[in-house]
Amino acid sequence: MAVDERSRHELYRRLEDVLGPEAATTLIEHLPPVGWADVATRHDLAGLEQRIDLRLDRVYERFNQVDERFNRVDESIEAARADLRATFEHELRAQSSSFGQELRAQTTTMVFGLVGVVLTMAALAFALVRFT
């Protein structure tokens with residue numbers, strides 16, 4: 001038999017006749033608002049807890065897998081940075097060496113050019129003094 005509001009009310013009226021209004025109200029308030037089949041037992045809650053624990057274990061495992069993937073990505077980024085840094089340093093050293101050689105060659109050219117200019121000016125000054 002399904003328990004509905006009509007049957008609960010009839011039960012309350014009968015209990016009120018037999019036990020009195022206060023006792024009938026107290027007894028009716030201790031009954032569930034739905035049928036007993038809808039009330040969860042400790043066993044039901046324990047089963048629910050196990051299912052939730054299993055789902056959470058799977059969620060935690062997925063998080064661990066994601067963490068491992070992020071760690072691998074971090075490692076590959078660090079490796080790429082190290083390679084890039086080594087390549088940059090090598091190129092910088094090569095450019096620095098080349099720059100130093102070019103600077104020495106230009107300095108030598110400038111010194112000889114200036115010596116040539118000074119000697120030319122001295123020769124012109126002597127020629128000017130001699131012919132005047």
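Source: prediction; values computed, not measured.
Atom CG in Leu56 sits 10.0 Å away from atom CZ in Phe63 (nearest 0.5 Å). Between Phe70 atom CZ and Asp74 atom CG the span is 8.5 Å, to the nearest 0.5 Å. Distance CG/Leu119 to CZ/Phe112: 11.5 Å, rounded to 0.5 Å. We find the OG-CZ distance between Ser98 and Arg93 to be 15.5 Å, quoted to the nearest 0.5 Å. With rounding to the nearest 0.5 Å, the separation of CD in Gln95 from NE2 in His90 is 10.0 Å. Note that the CG atom of Leu103 and the CD atom of Gln106 stand 6.5 Å from one another [nearest 0.5 Å].
Within the 4.5 Å cutoff, side-chain heavy atoms of Thr25 are placed close to those of Glu29. Here the side chains of Gln101 and Arg104 are in contact, with some heavy-atom distance below 4.5 Å. When side chains are defined from C-beta on, Val111 does not count as touching Thr108, because their heavy atoms never get closer than 4.5 Å. Contact check for Arg58 versus Arg62: no side-chain heavy atoms found under the 4.5 Å cut-off.
Scored by the side chain to side chain contact (heavy atoms under 4.5 Å, CB included) test, Leu48 finds Arg51, Ile52 as partners (sequence neighbours excluded). For Glu49, the side chain to side chain contact (heavy atoms under 4.5 Å, CB included) criterion is met by Asp53, not counting sequence neighbours. By the salt bridge (charged side-chain N to carboxylate O under 4.0 Å, His left out) test, Glu75 is found to be paired with no residue, residues two or more places apart in sequence or in another chain being considered. Under the rule for a side chain to side chain contact (heavy atoms under 4.5 Å, CB included), the partners of Thr26 that lie at least two apart in sequence or sit in another chain are His30. For Asp44, the side chain to side chain contact (heavy atoms under 4.5 Å, CB included) partners two or more places apart in sequence, or in a different chain, are Ala40, Thr41.
Note on Met121 and Val118: separate hydrophobic clusters, where clusters join Ile, Leu, Val, Met, Phe, Trp and Tyr whose side-chain heavy atoms are under 4.5 Å apart, directly or indirectly. Hydrophobic clustering (side-chain heavy atoms under 4.5 Å, transitive across Ile, Leu, Val, Met, Phe, Trp, Tyr) keeps Leu54 apart from Val59. Residues Leu11 and Val18 are members of one and the same hydrophobic cluster, defined by side-chain heavy-atom contacts under 4.5 angstrom among Ile, Leu, Val, Met, Phe, Trp and Tyr.
Here the closest non-hydrogen pair linking Ala24 and Glu16 is CB-N, 3.5 Å. Closest approach of Ser76 and Val73 over heavy atoms only: OG-O, 2.8 Å.
Among pairs with a residue in residues 80-89, those fulfilling side-chain hydrogen bond (donor to acceptor under 3.5 Å, both in side chains) read Glu78-Arg81, at least two apart in sequence or across chains.
A donor-acceptor contact shorter than 3.5 Å is absent between the side chain of Ser97 and the backbone of Ala94.
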Verdict with supporting geometry, Leu31 and Ile28, side-chain contact (heavy atoms from CB on, under 4.5 Å): CA-CA 5 Å; Leu31 294 176; Ile28 286 293; 3.9 Å; yes
Stepwise side-chain contact (heavy atoms from CB on, under 4.5 Å) test for Glu10 and Arg14: CA-CA 6 Å; Glu10 287 178 16; Arg14 179 77 175 124; over 6 Å; no
